[in-house]
Amino acid sequence: MRHFLDISDHSSEELQDLLDFAVRLKKEHFAGGNPPLFKGRVLGMIFQKASLRTRVSFDMAMRHMGGDALYLSPNEIGLGKRESIADVSRVLSGYVQAVMARVFEHAHVLELAKWSSVPVINGLSDFSHPCQAMADAQTIQEKFGKAKGLSVVYVGDGNNVAVSLMQISAKLGWNFTIANPEGYDMPAGSVEQAKKTAAGSGSKLAFLTDPRAAVKGAHVIYTDTWTSMGQEEETAKREAVFPPYQVNAQLVSEADKDVIVMHCLPAHRNHELTDEVADGPHSVIFPQAHNRLHAQKAILARLFGVA
Ligand code: CP
Ligand code: NVA
């Protein structure tokens, strides 16, 4: 594995191996701690947008395993503004042993990777959020095992988080359904690619607009913000369109009785997800957030080639 930029770049076997490894690292973490496999290594973390989970979980992943992490704020490096992305990447490659970047445009993380002599990780772009999908898959497998044919249903905006969830569902043989308002579909190219993956894995993909029809029999209901970072000027328009897509107790009651409710967080409570559901018995939103730590340790270890 050279970089970790998008779920679609990796085989089902490679992804399942990472998930199994993350489970082992999690056990080890709670049984006294991980060995210092990252000693002498520093992760450079470029953030063009805000973050709690991604920033802290990567930083702690490095520290728990004997390494270190360096936070680089938008103002500090001015990616592509103060200096070209190609130059930032070539300079940074000489200082740190891997780079994690949270960018607005997906093309920018690809550009960083193109010029980098060290591994680059996509920590969320406008197109995808592959590290989130790894923690999500770990959380789903903790609940349901490795069964294929699970029904994973995403309700809301066809955004970066939805794309990565569709991709990993297709890779792991889960059925994936999205219910989104018209005009808020996932990018057509990502759907076409996932359909090809699904044909190989036996996963079924469905693209609906009716959330109630979508969640019938669902094992997983997943939602995310109606307005992603970078879309703030569309907030009022989106707040008018999305309320029928709220994940609330009534919607959850249409799903399988053992359904789990997921959200990548941050949640806009009582918009896309009600307090009642977020804090209710089906919710796994906090274990899901915590799994970012373990999933990312596995990704880092494979990229560093230390395990
Ligand atoms: N889910 C997630 O990536 O959260 P942050 O934006 O806080 O990193
Ligand atoms: N879709 C959200 C996810 C945040 C983790 C965004 O891009 O802002």
Side-chain angles (χ1 to χ4, degrees), residues 4-7 22 43-62 69 71-74 99-109 121-140 154-168 178-181 184-187 190 220-235 237-239 241-242 245-247 260-269 271-273 278 283-297 299-300:
F4 195 76
L5 302 172
D6 199 65
I7 294 295
L43 174 70
M45 305 193 295
I46 298 175
F47 279 94
Q48 293 195 297
K49 309 177 190 174
S51 172
L52 169 65
R53 281 144 289 271
T54 305
R55 178 179 175 177
V56 180
S57 60
F58 267 110
D59 195 332
M60 294 307 123
M62 289 301 298
Y71 172 76
L72 296 161
S73 73
V99 173
M100 192 285 303
R102 167 165 287 194
V103 297
F104 284 100
E105 285 179 51
H106 191 66
H108 291 176
V109 73
I121 299 169
N122 174 8
L124 180 139
S125 69
D126 59 349
F127 176 66
S128 66
H129 198 0
C131 296
Q132 181 68 52
M134 295 306 289
D136 298 342
Q138 188 180 344
T139 310
I140 292 170
Y154 180 98
V155 178
D157 186 26
N159 63 15
N160 41 14
V161 168
V163 164
S164 293
L165 187 68
M166 168 180 68
Q167 290 172 332
I168 204 154
I178 185 169
N180 60 267
Y184 295 91
D185 301 334
M186 292 180 289
S190 69
V220 176
I221 298 177
Y222 200 121
T223 191
D224 184 18
T225 182
W226 296 335
T227 307
S228 285
M229 290 181 278
Q231 300 173 330
E232 288 78 5
E233 76 286 359
E234 295 175 27
T235 304
K237 189 174 128 205
R238 287 169 171 268
E239 290 287 331
V241 170
F242 277 94
Y245 293 81
Q246 182 185 69
V247 173
I260 56 172
V261 175
M262 304 182 74
H263 191 308
C264 58
L265 305 180
H268 304 80
R269 281 165 172 264
H271 291 245
E272 75 270 9
L273 182 66
S283 173
V284 296
I285 59 175
F286 298 116
Q288 176 188 0
H290 296 155
N291 277 338
R292 296 288 303 274
L293 177 65
H294 314 293
Q296 286 157 198
K297 282 178 182 170
I299 294 166
L300 287 163

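One-based numbering, in listed order, for ligands and for the atoms of each. Since this is a predicted model, take the numbers as computed values, not measurements.
- Inclusion of Arg55 in the set of residues having an N or O under 3.5 Å from an N or O of ligand 1 is not warranted.
- Looking from atom 4 (O) of ligand 1 to the surrounding protein, the closest heavy atom is Arg53 NE, 2.8 Å.
- Listed by number with element, the atoms of ligand 1 under 4.0 angstrom from any heavy atom of Cys264 are 1 (N).
- Those atoms of ligand 2 with a heavy atom of Leu265 less than 4.0 angstrom away are 5 (C).
- Considering both main-chain and side-chain atoms, Ser228 comes within under 3.5 Å of ligand 2 through a nitrogen or oxygen pair.
- Within the 3.5 Å criterion, the main-chain N or O of Ser228 finds no donor-acceptor partner in the side chain of Thr225.
- A distance of 7.5 Å separates CE in Met229 from CG in Asn160, rounded to the nearest 0.5 Å.
- Under 4.0 angstrom from ligand 1, the non-hydrogen atoms of His129 all belong to its side chain.
- Ligand 2 does not have Asp157 within reach: every non-hydrogen atom of the residue lies 4.0 Å or more from it.
- Among the atoms of Met229, some N or O lies under 3.5 angstrom from an N or O of ligand 2.
- By the criterion of a heavy-atom distance under 4.0 Å, the backbone of Leu265, and not its side chain, is placed next to ligand 1.
- Atom numbering of ligand 2 starts at 1 in the shown order; those under 4.0 Å from a heavy atom of Asn159 are 1 (N).
- Distance CG/Asn122 to CD/Gln132: 11.5 Å, rounded to 0.5 Å.
- The residue from Arg102, Met229, Lys49 that puts a heavy atom closest to atom 6 (O) of ligand 1 is Arg102.
- Closest to atom 7 (O) of ligand 1 among all protein heavy atoms lies Leu52 N, 2.6 Å.
- Screening Val109, Leu124, Asp126 against Val103 for a side-chain contact (heavy atoms from CB on, under 4.5 Å) leaves a single residue, Val109.
- Relative to atom 1 (N) of ligand 2, the option among Asp126, Val161, Asp224 with the closest non-hydrogen atom is Asp224.
- The backbone N or O of Ala135 lies less than 3.5 Å from no partner atom in the side chain of Arg292, so there is not a single donor-acceptor pair.
- Atom-to-atom distance recorded for Gln167:CD and Met186:CE is 9.5 Å, nearest 0.5 angstrom.
- If you take OG on Ser283 and CD1 on Ile221, they are separated by 11.5 Å, rounding to the nearest 0.5 Å.
- The shortest heavy-atom contact between Gly156 and Pro181 is O-CD, 3.8 Å.
- Residue contact check: Ser51 has heavy atoms under 4.0 Å from atoms 5 (P), 6 (O), 7 (O), 8 (O) of ligand 1.
- When only non-hydrogen protein atoms are considered, atom 7 (O) of ligand 2 lies nearest to Asn160 ND2, 2.8 Å.
- Here the two rings, on Tyr184 and Tyr245, have centers that are 6.0 Å apart or farther.
- The single protein non-hydrogen atom nearest to atom 4 (C) of ligand 2 is Leu124 CD1, 3.8 Å, given as residue, atom name and distance.
- The side-chain heavy atoms of Tyr154 and Asp224, taken from C-beta on, include a pair separated by under 4.5 Å.
- Taking 4.5 Å as the limit, some side-chain heavy atom of Arg102 sits within range of a side-chain heavy atom of Ser51.
- From the protein, the heavy atom lying nearest to atom 2 (C) of ligand 1 is Arg292 NH1, 3.3 Å.
- The shortest N or O to N or O distance between Pro266 and ligand 1 is not below 3.5 Å.
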